Amino acid sequence: MNTEKYLVRPDKPIRISDLDPNDSSEFEGKKKAGQAALKELNKEIEELQELLYAEGKKRLLVVLQAMDTGGKDGTIRAVFEGVNPQGVRVASFKVPTWLELAHDYLWRIHSQTPRKGEIVIFNRSHYEDVLAVRVLNLMPEEVWSKRYQHIREFERLLVDEGTVVLKFYLNIDLEEQARRFLARLEEPSKNWKFNPGDLDDRALWGDYMLAYEDLLNKTSTEWAPWYVIPSNKKWYRNLLIATIVRDTLVGMKMQYPAPPADLEQYYQRVLEMVQSYEEKEPEEE
Ligand code: ADP
């Protein structure tokens with residue numbers, strides 16, 4: 001699959017309205033085959049994550065941003081299905097607490113970045129500080145407008161120190177959001193997800209799109225690129241993100257740590273240990 005076409009190039013500004021949230025062209029709309037391909041990718045990601053953890057040297061940060069119902073939770077579930085929970089963590093960023101607000105906006109973010117061997121998925125992120133903050137007028141422009149540069153440089157720091165950074169904007173449209181709200185109201189098991197306040201954000205859709213467009217164009221860098229993922233079709237969204245995560249992990253070229261040089265000698269010792277038990281208690285038929 002050509003995932004490059006969903007990349008926001010630093011030298012080529014995008015307009016969100018030009019990008020089709022219904023697109024599934026790289027898999028020609030073949031949902032069943034796409035779902036089967038995802039299962040294979042899950043296995044590969046599981047193995048690669050094991051390797052990342054075993055090697056214990058590199059780190060992967062995956063940033064997810066979307067409008068409400070955009071599918072951040074579903075993406076995390078589908079793409080990281082089966083991974084070892086010891087090496088993967090989700091950090092969710094909600095409305096900041098008083099303690100978080102008492103610090104600079106990157107304080108809570110930096111403390112959640114991955115350690116060596118770990119994958120961390122950001123469910124919302126520092127980008128809320130140029131989104132919600134901007135659209136809802138929580139800070140004056142003079143404050144938030146400086147943040148694009150802070151963010152570029154903050155991510156540069158992470159990358160220079162050995163973290164790989166991937167950023168996904170899950171692109172849905174207003175029609176799809178309306179359907180997903182309805183599903184939340186109709187299905188009892190989804191009722192808990194419905195938040196009346198989300199309708200207020202929907203009313204500000206145009207402002208959010210402008211804020212997203214601006215941040216995508218200003219903070220997609222060579223070192224920490226943004227992908228705009230067509231996300232009306234959940235299966236295609238999962239498939240694209242899993243492909244990019246798999247490809248990125250492969251590109252990180254991890255290796256299992258070298259075994260002790262005298263492995264054969266330890267093998268003999270342990271074999272003898274096991275054999276000594278077998279001599280004492282013969283195996284039951
Ligand atoms: P989610 O929608 O991610 O499942 P919530 O329904 O609790 O979780 O929504 C989190 C809310 O927190 C969103 O409305 C988001 O805009 C808001 N938020 C997150 N970070 C910030 C921030 N730095 N400043 C203001 N609002 C924020």
Side-chain angles (χ1 to χ4, degrees), residues 16 21 61-80 88-113 120-152 154-155 167-174 176-185 187 189-216 218-219 226 229 231-232 234 237-238 241:
I16 293 180
L61 174 61
V62 178
V63 173
L64 295 180
Q65 282 289 156
M67 293 298 286
D68 293 311
T69 78
K72 294 179 280 96
D73 297 351
T75 300
I76 296 170
R77 234 181 300 126
V79 171
F80 294 96
V88 180
R89 187 161 54 84
V90 179
S92 299
F93 297 98
K94 310 274 182 184
V95 174
T97 63
W98 70 267
L99 181 62
E100 289 167 347
L101 284 173
H103 294 81
D104 69 82
Y105 68 100
L106 290 174
W107 177 76
R108 66 171 182 166
I109 305 294
H110 205 167
S111 70
Q112 296 287 351
T113 52
V120 172
I121 302 137
F122 277 4
N123 184 343
R124 301 188 188 272
S125 65
H126 39 306
Y127 287 99
E128 292 293 327
D129 295 284
V130 285
L131 277 169
V133 167
R134 170 174 173 172
V135 172
L136 305 177
N137 263 318
L138 303 178
M139 296 269 180
E141 178 166 356
E142 182 186 289
V143 173
W144 58 253
S145 62
K146 295 192 178 121
R147 292 181 170 175
Y148 302 99
Q149 192 183 344
H150 302 156
I151 290 173
R152 283 194 299 267
F154 167 65
E155 291 174 351
K167 304 182 293 197
F168 298 106
Y169 168 57
L170 313 182
N171 188 23
I172 59 164
D173 56 23
L174 272 165
E176 180 64 18
Q177 190 192 50
R179 289 182 203 289
R180 293 186 186 182
F181 279 145
L182 189 63
R184 287 181 178 188
L185 291 166
E187 286 176 40
S189 67
K190 286 190 178 169
N191 285 170
W192 67 275
K193 280 191 170 185
F194 184 76
N195 173 4
D198 292 349
L199 294 177
D200 299 334
D201 271 350
R202 177 180 168 85
L204 297 168
W205 189 277
D207 293 347
Y208 271 104
M209 288 308 109
L210 278 180
Y212 263 114
E213 216 161 78
D214 211 15
L215 81 82
L216 290 166
K218 286 182 171 151
T219 62
W226 272 107
I229 302 291
S231 297
N232 278 6
K234 294 175 185 174
R237 168 200 79 197
N238 296 339
I241 296 179

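Note that the structure is a prediction, hence the values are computed from the model and not measured. In listed order, ligands and their atoms are each counted from 1. Heavy atoms only: backbone and side chains are in, while hydrogens, waters and symmetry mates are out.
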Exercise for review: Enumerate the atoms of ligand 1 whose separation from the nearest heavy atom of Ala132 is less than 4.0 angstrom.
Suggested key: 16 (O), 25 (C), 26 (N)
Practice item. May I ask whether Met139 has any heavy atom positioned less than 4.0 angstrom from an atom of ligand 1? Key: no
**Study point:** Which residue and heavy atom of the protein sit nearest atom 23 (N) of ligand 1, plus the separation
**Key:** Asp129 OD1, 3.0 Å
**Study point:** Residue of the set Arg184, Lys193, Gln177, Met67 for which side-chain contact (heavy atoms from CB on, under 4.5 Å) holds with Asp198
**Key:** Arg184
Practice item. Provide the number and element of each atom of ligand 1 under 4.0 Å from a heavy atom of Lys72. Key: 1 (P), 3 (O)
Review point. Any side-chain heavy atom of Ile241 within less than 4.5 Å of one from Leu170?
Key: yes
Exercise for review: Using a strict cut-off of 4.0 Å, indicate which atoms of ligand 1 neighbour a heavy atom of Leu138.
Suggested key: 25 (C)
Review point. Taking the side chain as C-beta and beyond, is there a heavy-atom pair between Val143 and Tyr105 under 4.5 Å?
Key: no
Check your understanding: Who's the nearest protein heavy-atom neighbour of atom 12 (O) of ligand 1, and how far?
Key -> Val95 N, 3.1 Å
Review point. Any heavy atom of Glu100 sitting closer than 4.0 Å to ligand 1?
Key: no
Exercise for review: Please say whether more than 12 non-hydrogen atoms of neighbouring residues, nucleotides or ligands are located less than 6.0 Å from CZ in Arg89.
Suggested key: yes
Check your understanding: Can you tell me the protein heavy atom closest to atom 14 (O) of ligand 1 and the distance?
Key -> Asp201 OD2, 4.1 Å
Point to revise | Nearest-neighbour protein heavy atom for atom 15 (C) of ligand 1, which is reported as residue plus atom name and distance | key: Glu128 OE1, 3.5 Å
Check your understanding: So which protein heavy atom does atom 8 (O) of ligand 1 come closest to, and at what separation?
Key -> Lys94 NZ, 3.0 Å
Check your understanding: Is there a side-chain contact between Phe122 and Thr113 (heavy atoms, below 4.5 Å)?
Key -> yes
Review point. Against heavy atoms of Pro96, which atoms of ligand 1 measure under 4.0 Å?
Key: 21 (C), 22 (C), 23 (N), 24 (N), 25 (C)
Review point. Looking at atom 6 (O) of ligand 1, what's its closest protein heavy atom, distance included?
Key: Asn195 ND2, 4.2 Å
Exercise for review: Without swapping roles, check the side chain of Asn232 against the backbone of Asp173 for a donor-acceptor pair under 3.5 Å.
Suggested key: yes
Exercise for review: May I ask you to list the atoms of ligand 1 that are less than 4.0 angstrom from any heavy atom of Asp68?
Suggested key: 2 (O)
Check your understanding: Under the 3.5 angstrom rule, does the side chain of Asn191 hit a backbone N or O of Glu187 as a donor-acceptor pair?
Key -> yes
Check your understanding: Do Gln65 and Tyr212 have side-chain N/O donor and acceptor atoms under 3.5 Å apart?
Key -> yes
Practice item. Report yes if some N/O of Asp73 lies less than 3.5 Å from some N/O of ligand 1; otherwise report no. Key: no
Check your understanding: Roughly how far apart are Lys72 NZ and Ser92 OG, rounded to 0.5 Å?
Key -> 7.5 Å
Point to revise | Geometric N/O contact Tyr208 with ligand 1, under 3.5 angstrom | key: no
Practice item. Quick one: look up the protein heavy atom nearest atom 2 (O) of ligand 1 and list residue, atom name and how far away it is. Key: Arg124 NH2, 2.8 Å
Review point. Short list, please: which atoms of ligand 1 are under 4.0 Å from a heavy atom of Val133?
Key: 24 (N)
Practice item. Considering the heavy atoms of Arg108, write down every atom of ligand 1 situated less than 4.0 Å from one of them. Key: 20 (N), 21 (C), 22 (C), 23 (N)
